[in-house]
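Start at 1 and go down the list; that is how both ligands and their atoms are numbered.
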Amino acid sequence: MIALIKKKGALQKWRLLIQVIFVLLCVWIGLDFYFFNQYLATDGLTAFHSRPPGVDAFLPISSLLSLIFFLKTGLIHLAHPAGLILLISFLLMSFVFPKSFCSWICVFGTLSEKLADFGEFVFGRKIEMPKIMDIILRSLKYLLLLFMAVAFLGMTTPVLKNFLDGDFNMICDIRMYDFFADISSLSIVIFSILILLSVVFRGFWCRYLCPFGAIMNIMGLLSPNKIRRNSESCINCNKCSQVCPSFIKVATLKTVVSDECSSCMKCLDICPVKNTLTIKPVASNKTISKKWVAISVIVIFLSITFIAILSGKWQNNITKEEYLDVYPHRNELKHN
Ligand code: SF4
Ligand code: SF4
């Protein structure tokens, strides 16, 4: 497979490979978590299956609160430490190359991209949201982020600690599992509408609703590494603008400064004139090879994860006895 990718020489093939690996990783985590839940549901009568720490990646509220707690105290809270570790690595990769987490690693980003590819195949073109609707809808995720920022940053350290220590936070992953295992008709309708909208409008979820996406967008804007267009060698073929999944008019810009650029590298891959689209640090004229986007997401993910594992900050500190104790009462729990 690697030989085939090298032969074709396209970064998009590597991106797809990395996306597939992370989707498979999530399927593995999901299966592991299913068996862990079975152990709890049978009151410990089935074989013990340890909880996969990677499930913490799907707990955005707990991870964000854990990040604020970390920034305030310097301490890693051990209820869902992998959530904090993963959030830091996702933020870092989105800072190094704008929003690269979204188009290289995020499983929702991958799903959204494939749904949009299917939509493009069906409709024969990319359907763009009317400009005014696009502006209004894009502001939704920032409003949601602002609301969360006001609520979370206003929490004092003891209140934060109280929440993170509590049973509600301890089993928020199990409650999330319950939600999907016993999904309501209303939720199925909502998910179906979101899927349909993602088929019609490219990146509907990521562009308009994902609150994590809003944070990644901000990290992307802050990134020192930007795509630049050499207007002297550019032949104005417009291919870069047409291929951009984020509807950025690359062909009209000197530097891509956009909250929606996700470093997918499609524009660099398609540009027919060598060295016309390049990645350069803001304060330098030195070109960074586009392959470094792929290398950086993998290196950041693996190095931060291994450091966390080796330093004992990956697995949580909750015993199976504590889980078995709280599990039967999980629906009565309220956050404090
Ligand atoms: S095509 Fe280029 S400008 Fe558009 S999102 Fe991808 S990397 Fe950014
Ligand atoms: S694809 Fe390259 S040559 Fe064509 S418009 Fe974009 S930057 Fe210019």
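Taking atom 5 (S) of ligand 1 as the reference point, the nearest protein heavy-atom neighbour is S262 N, 3.5 Å. Scanning the protein for heavy atoms near atom 6 (Fe) of ligand 1, the closest one is C264 SG, 2.3 Å. Nearest protein heavy-atom neighbour of atom 8 (Fe) of ligand 1: C261 SG, 2.3 Å. The closest protein non-hydrogen atom to atom 2 (Fe) of ligand 1 is C267 SG, 2.3 Å.
Under the 4.5 Å side-chain contact rule for hydrophobic residues, M133 and I135 do not share a cluster.
Put simply, the side chain of S284 never gets that close to the backbone of P281: no donor and acceptor are under 3.5 Å apart. Side-chain atoms of H77 never come within 3.5 Å of backbone atoms of L65 as a donor-acceptor pair (strictly under, hydrogens ignored).
Counting heavy atoms closer than 4.0 Å to ligand 1, residue V243 contributes nothing at all. Contact annotation for S246 and ligand 1: only side-chain heavy atoms (C-beta onward) come within less than 4.0 Å of the ligand.
Note: F101 and F90 have parallel aromatic rings, judged against thresholds of 30 and 60 degrees for the angle between ring planes.
Classification of D56 and R51 as a salt-bridged pair holds, one side-chain N sitting under 4.0 Å from a carboxylate O. Salt bridge annotation for R175-D178: absent, with no cationic side-chain nitrogen under 4.0 angstrom from a carboxylate oxygen.
Every atom of ligand 1 is numbered from 1 in the order shown, and the set under 4.0 Å from a heavy atom of I227 is 2 (Fe), 7 (S). The contact set between ligand 1 and P245, taken as ligand atoms under 4.0 Å from a residue heavy atom, comprises 1 (S).
Using modelled atom types, one finds no donor on one side chain facing an acceptor on the other under 3.5 Å when comparing T278 with N275.
Within the coordination shell of atom 4 (Fe) of ligand 1, defined by N, O or S atoms under 2.8 Å, C244 is present.
The local environment of CG in N317 is crowded, with over 12 non-hydrogen atoms from other residues, nucleotides or ligands closer than 6.0 Å.
Here the two rings, on F36 and Y177, have centers that are 6.0 Å apart or farther.
Figure legend: R330 and Y327 shown as a cation-pi pair, the cationic atom lying under 6.0 angstrom from the six-membered ring centre and within 45 degrees of its axis.
Atom 8 (Fe) of ligand 2 has C234 SG as its protein N, O or S neighbours under 2.8 Å.
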